Amino acid sequence: MNNPFILKSLLSLLLFFCAFSYAKSIHVKNLSLEDGLSQSSVLCILQDQQGFMWFGTEDGLNRFDGYKFTVFRHDPMDSLSISDNHINCLFEGR
């Protein structure tokens, strides 16, 4: 192995395979109206400490548990419902 080109090529391949073997796999799933999302325009996203994903839209607050959505909307007859359907900011408190 006196040829520096071959040595550099083998070293580059070795580094590539080492880096590739340590890379983490990321799975991305597109969620849509067909999955139960209340609106396709999501204004904000939060993942809480329990792992729920929360999506703020102009048509309510959507909680995704990994399988299905639960949609929370303003109900003028329920004083404990959310105050508005337009959710543009999410924050997790204690």
Side-chain angles (χ1 to χ4, degrees):
M1 287 219 175
N2 295 358
N3 189 338
F5 176 75
I6 293 175
L7 185 59
K8 286 181 184 179
S9 297
L10 289 174
L11 185 58
S12 296
L13 281 173
L14 178 65
L15 288 174
F16 172 77
F17 285 116
C18 287
F20 185 74
S21 67
Y22 286 108
K24 290 188 176 184
S25 175
I26 296 174
H27 177 74
V28 177
K29 177 178 167 100
N30 291 325
L31 300 169
S32 66
L33 299 174
E34 290 79 24
D35 298 303
L37 190 62
S38 67
Q39 188 182 46
S40 60
S41 296
V42 174
L43 304 174
C44 50
I45 302 172
L46 173 94
Q47 183 174 16
D48 69 16
Q49 294 296 318
Q50 289 80 36
F52 291 112
M53 295 296 298
W54 295 85
F55 301 91
T57 72
E58 291 182 5
D59 188 34
L61 179 62
N62 296 248
R63 182 183 69 191
F64 186 66
D65 64 8
Y67 301 99
K68 65 179 176 33
F69 279 98
T70 302
V71 180
F72 301 92
R73 290 189 178 95
H74 173 67
D75 179 355
M77 303 305 287
D78 182 359
S79 64
L80 299 177
S81 73
I82 63 176
S83 60
D84 197 314
N85 287 336
H86 187 112
I87 311 296
N88 60 12
C89 183
L90 293 171
F91 173 78
E92 182 178 12
R94 288 189 251 169

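It should be emphasised that the depicted structure is a prediction, and the values quoted were computed from it without experimental measurement.
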Worksheet item: In the hydrophobic cluster built from side-chain contacts under 4.5 Å, what are the other members alongside F69?
Response: L31, L37, V42, I45, M53, F55, F64

Worksheet item: For D75, which residues count as a side chain to side chain donor-acceptor pair (under 3.5 Å) partner, sequence neighbours excluded?
Response: none

Worksheet item: How many angstroms lie between CZ in R73 and CG in N62, if you round to the nearest 0.5 Å?
Response: 7.5 Å

Worksheet item: Of all residues at least two apart in sequence or in a different chain, which pass the side chain to side chain donor-acceptor pair (under 3.5 Å) check with Q50?
Response: none

Worksheet item: Taking only residues at least two apart or on different chains, which pairs with a member in residues 34-58 satisfy salt bridge (Lys or Arg N to Asp or Glu O under 4.0 Å)?
Response: none

Response to the item:
Across all chains, not counting sequence neighbours, the side chain to side chain donor-acceptor pair (under 3.5 Å) partners of T57 are S38

Discussion item. Could you report the tightest heavy-atom contact between L33 and S40, atom names first, then the distance?
Written reply: CD2-N, 3.7 Å

Discussion item. Could you list the cluster mates of L80? Members are the ILVMFWY residues connected by side-chain heavy atoms closer than 4.5 Å, either directly or through other members.
Written reply: none

Worksheet item: Who else is in F72's hydrophobic cluster (ILVMFWY, side-chain heavy atoms under 4.5 Å, direct or via others)?
Response: L46, F52, W54, L61, I82, I87, L90

Worksheet entry | Counterpart residues, side chain to side chain donor-acceptor pair (under 3.5 Å), relative to R63 (two or more places apart) | none

Discussion item. Going by salt bridge (Lys or Arg N to Asp or Glu O under 4.0 Å), name the pairs with one or both residues in residues 82-94, residues two or more places apart or in two chains.
Written reply: none

Practice prompt. Return the set of residues passing salt bridge (charged side-chain N to carboxylate O under 4.0 Å, His left out) with K29 (not counting sequence neighbours), or none when no residue passes.
Written response: none

